[in-house]
Every structure is written in structure tokens, then in C-alpha cells.
Asker: 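I'd like to ask you about the structure that follows.
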Amino acid sequence: MSASALTPVVRLAPAKINLTLSVVGRRPDGFHDLHSVFVPLAFGDRLSLAPAGGTSDRLHVAGGDAGPLTDNLVLRAIAAARAAVGQGPGRPPTPPLAARLEKRIPIAAGLGGGSSDAAAALDGALEAWGTDLDPERKRQVAASLGSDVPFFLAGAPALIEGRGERVTVLQGLRAGTHPPGVLLVTPDIRVSTPEVFALYVASGARGDGAIRTTSMHLADELRRGLTGRDLVARTAVLASANDLLPIAAALVPAIVPLRRALARLLGRPIALSGSGPTLWTLYASEGEAQAAAEVVRDAVGSGHVPTPGAAAPTVTATTIPIASSAPAGAGEASKATDEAGQAAPDHLPTRPIAIQSRREP
Ligand code: C5P
């Protein structure tokens, strides 16, 4: 083990929003093929990992509810990383790890918190042991942990296809432009993604062609790079570009009056992230999003906005960070050419990172 393994490894595990979410169709394995543009946010959990004594990995969760520890994806990710490294002569030692997770992302909220923690744990465990996996193998392990985990391994704006295993890193927002503000409103209701997809199937829903077109168009624009201002100008079209919105609204009807009240209060279109229940909208700056967050908190306090669930919604203002250097994981992808046949810059792969879709038993 290298000397660096003796110092704790710290990883920030960002939340995400889906700027678009098109359900392309159902797969033979029961999952759904998606076409979805994901962006990481400048807001998330913090995970630290350090080799520890004892015989098993440990997890301490601080701040916020992360659900039952046994179900926690951090411990599953460390175990999957250990299994992938393997044991025996010639293999690096993979001693038990003590993990500490500072939880800020609301769970079962459509923000990808558990998946982001899993990607951070997979990558961080390998570093704590002073080793690494072949990038393709690492992406396979990520996909085995959950559909959204490969995206978080890449850690950059991306087009997500297949079940989540095909990650095409996009340029995203152009360097030098102003990062847009994001307002997140998460009602105190957990939404189960499997239940949303089950209702999607039961209702006989079909992906909306207009949403698919919006998603393809946005992916093309972000592949070339958009300014923050241009992205904010697209908020209205993005706010209706989620095939799971009517399904989540049917499952949790309280989302509908909340979304309507926020749209009226803020004078802006309101979108749903993933399978919900987090609602989001975009602003020209983080400062404007913070001001809007205050308006929402005041309206919640005075009863002008319905507050489904047992507690007040979690209201967060953040930004979509602008990559100043190569996105994490992008260097692992093969160099490709863009549609015009021009060589893409090294930091900007345009070919999907295809990995085998497989779930461990
Ligand atoms: O992979 P993950 O555990 O995050 O998926 C949760 C559930 O969501 C799956 O069991 C499946 O029912 C549904 N799902 C799906 N298609 C996807 C992703 C998730 O049907 N692309």
C-alpha cells in the first residue's frame, strides 16, 4: 500500500439534475432506455474514507437521513470495489475502510444522491488502497451499483443513454461564461424510482416525441458548448421535457399544486428532476437563485405555498459549475471525431462510453 493510503481520501459527491428526460422504450431486462441530459451541481455530499482496523467496513453518516445503513450504496460500492480488485498473491491489499458521509443531498429526491455517493466510494476506495481498475472495468462496477452511477463516475455534463450505462461527456457550459443559478425545492416526500417506472409501464405511457426532440437538440447544443445565459433562456422548454413528470404527478399528486404555486410565485417555469419529487428552475446567477430561495422560504413560512409532507420543503440555491479543465473521467474515453469530422479536443470525447449493462445478483 502506498504512503498516500494512510491519509484519508476525501471526495465531493455532487447532486445532479436532469435537464431533459426522454423515455425511449422498455428493455427486455425490465429497465428503460433513456435519452437524458444530466448535469452535476455545485452542491453535494462529502465522503471521506480511511483504512481502519477491524474486520469490516464501517460507515458513519452525519447530517441528514441517509436511510438504513445496510442499504447504503457507500458500503456496497466499497465491497464491489474490493471484489473487482480481487484478493490473493499479487493483488493489492484492500483492508477495511472507515467511511464518513456528510449527507446534504435529500434522499429519494431525484437528485442522484445515493448514486453519487456510490461513485465517490468506488473511486475513493481504490485510491485509499493505492490502486485503480481499468477504466472499462470501473464503469462496469459502477453500472452494477445503479443506473445513475456511471454518470457520476464521469462527473461532468453528459448525455445518458441506455439504462444509464452509455455516458457521452458533453462540453456543457462554455468556459468563461457565467454559471447559471439553480433553485431546488424538494418537498418532504420520498419518491421511489422503481414505483415511478412501474406506473409508467402500468399506465401504458409512451415517450413523448417532442420531449425526445428537445433532449436530442439540447445534447447537441451542450456537445458544442452553450453559454450560461443560453441555457437559462431554454428553461421553459426544459421544464416540460421530462416523460416522468405526469407519472410522478399521478403517484404524488401534491407535486402538482406545489409546482403551480412555485411557477406563480417566481414567475418562472418549474421542472421536475428525474423521477422527482425535486422541482427546479434556472436563474442567471447563483445570487438570483439565492434571492428566489428566500422568497420561497418566506412563502412556505406564511403558508402561501403548499407544503406536502411532514416538514417544510428543502430549498437550495446552487449553480451548474463550468468545467475549467478536463472533466473527470473524460480522459478515459477514446478520442473521437465530431459530426463535422473534425478531431475533437482531448478533453471532449464525443463518442459514447459504452459499457456492458449488467447487474450483480
Ligand atoms: O438502477 P437503479 O437501481 O437506480 O434503478 C431503480 C429502478 O428504476 C429499477 O429497478 C427500474 O425499475 C427503474 N429504472 C428503469 N430504467 C432505468 C433506470 C431505472 O426502469 N433506465
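For ligands, and for the atoms within them, numbers begin at 1 and follow the listed sequence. In this chain, residues are counted from 1 in sequence order.
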Asker: List ligand 1 atoms under 4.0 Å from G146, heavy atoms only on the residue side.
Answerer: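 Checking each atom against G146, I get 1 (O).
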Asker: In terms of side-chain geometry, is the basic nitrogen of D132 or K138 positioned less than 4.0 Å from the acidic oxygen of its partner?
Answerer: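 Result for this pair is yes, salt bridge flagged.
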Asker: Look at ligand 1 and say whether D148 reaches it with a heavy atom at a distance under 4.0 Å.
Answerer: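 Judged by the 4.0 Å heavy-atom criterion, D148 does not count as contacting ligand 1.
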Asker: With atoms numbered from 1 as shown, which atoms in ligand 1 lie under 4.0 angstrom from a non-hydrogen atom of T193?
Answerer: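 Atoms satisfying the 4.0 Å criterion: 8 (O).
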Asker: L34 heavy atoms, cut-off 4.0 Å: which ligand 1 atoms fall inside?
Answerer: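 With L34 as reference, the close atoms of ligand 1 come out as 21 (N).
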Asker: Would you check whether G164 reaches within less than 4.0 Å of ligand 1, judged by its heavy atoms?
Answerer: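 In this structure, G164 fails to qualify as a contact of ligand 1 - no heavy atom is under 4.0 Å.
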Asker: Compare every heavy atom of V232 with every heavy atom of P180, then report the nearest pair and how far apart it is.
Answerer: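 Heavy atoms of P180 and V232 come nearest at CB-CG2, 3.6 Å.
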Asker: Of the backbone atoms (N, CA, C, O) and the side-chain heavy atoms from C-beta on, which set of F31 has a member under 4.0 Å from an atom of ligand 1: side chain, backbone, both, or neither?
Answerer: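 It is both backbone and side chain that touch ligand 1.
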Asker: Side chains of residues 293-301: which donor-acceptor pairs under 3.5 Å do they make with residues two or more places apart or in other chains?
Answerer:
{"unit_1": "E294", "atom_1": "OE2", "unit_2": "R297", "atom_2": "NH1", "d": "2.7"}
{"unit_1": "R297", "atom_1": "NH2", "unit_2": "V315", "atom_2": "O", "d": "2.8"}

Asker: Measuring from N242:CG to S273:OG, what's the distance to the nearest 0.5 Å?
Answerer: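 One finds 8.0 Å between CG of N242 and OG of S273.
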Asker: Measure up the F151 and F38 rings against each other and bin them: parallel (under 30°), tilted (30 to 60°), perpendicular (over 60°).
Answerer: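 Ring orientation of F151 relative to F38: tilted.
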